[in-house]
Amino acid sequence: MSDTLITIIAIFLAAVLMFVFPLMAVSSNQEDVTQLAVTEATQEFVNKAATKGKITQEDYDAYVQTLGATGNTYDIKLEVQHLDENPGKKTTTTTSDMIGENVRYSTFTDEILQGIENNNGKYSLSKGDNVIVTVNNTNTTLAQLLRNFVYKVTGSDTYQIGASASALVVSNGK
């Protein structure tokens, strides 16, 4: 009786070793490839917006389509930090014509997308603005499911694939 129990346990362990761990390795590798693709697409989108001086509907749609091609769903957060170069006059004892400190104010995803829609498919940026894009997956990946199963890791609110990129706008997009 104990020989059959040991045989069943050995078969179960062999099945786990032969199927589950290789599947975990392959899915983890796929997750790494997806991470690289998302990072590259995010950096390309940000660089294109900073170089052109505007965020266009076509560029944003192409970016969303590239992310969607990975088979995951994403939460995309856009931020533009606008440069206000002259918020006021600052006087000191040495120079009375010194211009005040540079101040930045931010616009975020909803306002940017609404601006694209209202301005014929483009959101204009000015030289000196910062464009920041942060993206995180919202679904559970296969590698995450397997890790949770094998290691009993909990925490469904954590993301596995994420990227962030920023760039300084180098031309006016008027």
Side-chain angles (χ1 to χ4, degrees), residues 21-87 101-151 153-174:
F21 286 114
L23 184 59
M24 283 179 60
V26 168
S27 62
S28 180
N29 188 25
Q30 177 63 32
E31 196 173 81
D32 291 343
V33 169
T34 303
Q35 172 68 44
L36 182 63
V38 168
T39 301
E40 185 176 306
T42 303
Q43 191 63 53
E44 180 182 336
F45 173 70
V46 168
N47 287 342
K48 191 180 288 187
T51 303
K52 285 183 175 180
K54 59 187 169 186
I55 300 171
T56 64
Q57 185 68 49
E58 294 83 24
D59 291 342
Y60 183 74
D61 289 343
Y63 174 61
V64 171
Q65 186 176 7
T66 301
L67 293 180
T70 64
N72 296 309
T73 56
Y74 296 93
D75 178 28
I76 302 169
K77 295 178 184 169
L78 305 173
E79 180 182 357
V80 175
Q81 294 178 342
H82 298 282
L83 179 63
D84 187 5
E85 293 183 13
N86 192 6
E101 297 176 1
N102 291 339
V103 175
R104 294 190 181 274
Y105 62 94
S106 294
T107 55
F108 296 97
T109 306
D110 292 337
E111 191 174 341
I112 293 168
L113 294 179
Q114 191 174 42
I116 290 172
E117 187 178 307
N118 295 338
N119 294 323
N120 297 324
K122 71 175 186 171
Y123 184 82
S124 297
L125 306 169
S126 300
K127 187 175 182 179
D129 292 349
N130 285 327
V131 178
I132 303 166
V133 177
T134 305
V135 61
N136 296 319
N137 73 313
T138 57
N139 63 320
T140 304
T141 63
L142 178 61
Q144 191 176 8
L145 282 172
L146 290 171
R147 278 193 297 269
N148 289 345
F149 173 72
V150 173
Y151 303 129
V153 177
T154 59
S156 60
D157 58 338
T158 61
Y159 63 89
Q160 293 296 316
I161 301 169
S164 181
S166 65
L168 186 67
V169 177
V170 294
S171 64
N172 289 328
K174 305 292 183 212

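Everything quoted here is computed from the prediction, not taken from an experiment.
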Separation between [atom1] of [X] and [atom2] of [Y], rounded to the nearest 0.5 Å:
| X | Y | atom1 | atom2 | result |
| --- | --- | --- | --- | --- |
| Ser171 | Lys54 | OG | NZ | 9.0 Å |
| Lys77 | Thr134 | NZ | OG1 | 7.5 Å |
| Asp129 | Gln81 | CG | CD | 9.0 Å |
| Ile132 | Ser106 | CD1 | OG | 6.5 Å |
| Glu79 | Ile112 | CD | CD1 | 7.5 Å |
| Ile161 | Asn72 | CD1 | CG | 4.5 Å |

Minimum-distance pair of heavy atoms, taken over all atoms of [X] and [Y]:
| X | Y | answer |
| --- | --- | --- |
| Ala49 | Leu125 | O-CD1, 3.8 Å |
| Gln144 | Glu31 | N-OE2, 4.1 Å |
| Asn139 | Gly71 | ND2-O, 4.1 Å |
| Ala165 | Gln43 | CB-OE1, 3.3 Å |

Which word best sums up how the rings of Tyr123 and His82 line up, parallel for under 30°, tilted for 30 to 60°, or perpendicular for over 60°?
-> tilted

Decide side chain to side chain contact (heavy atoms under 4.5 Å, CB included) for Arg104 and Asn130; before the verdict, give the C-alpha distance in whole Å, the side-chain angles of both, and the deciding distance to 0.1 Å.
-> CA-CA 9 Å; Arg104 294 190 181 274; Asn130 285 327; 3.6 Å; yes

Step by step, work out the side chain to side chain contact (heavy atoms under 4.5 Å, CB included) result for Tyr63 and Ile76.
-> CA-CA 10 Å; Tyr63 174 61; Ile76 302 169; 4.0 Å; yes

Tell me if a side-chain donor or acceptor on [X] pairs with a main-chain N or O of [Y] at a distance below 3.5 Å.
| X | Y | result |
| --- | --- | --- |
| Thr109 | Leu78 | yes |
| Asp59 | Ile55 | no |
| Ser28 | Met24 | no |
| Asn137 | Gln160 | yes |
| Thr70 | Leu67 | yes |

Test side chain to side chain contact (heavy atoms under 4.5 Å, CB included) on Ile116 and Thr56 and set out the steps.
-> CA-CA 7 Å; Ile116 290 172; Thr56 64; over 6 Å; no

Might you work through the side chain to side chain contact (heavy atoms under 4.5 Å, CB included) test for Phe45 and Thr66, ending with a clear yes or no?
-> CA-CA 10 Å; Phe45 173 70; Thr66 301; over 6 Å; no

Asp110 atom CG, neighbour heavy-atom count above 12 within 6.0 Å | no

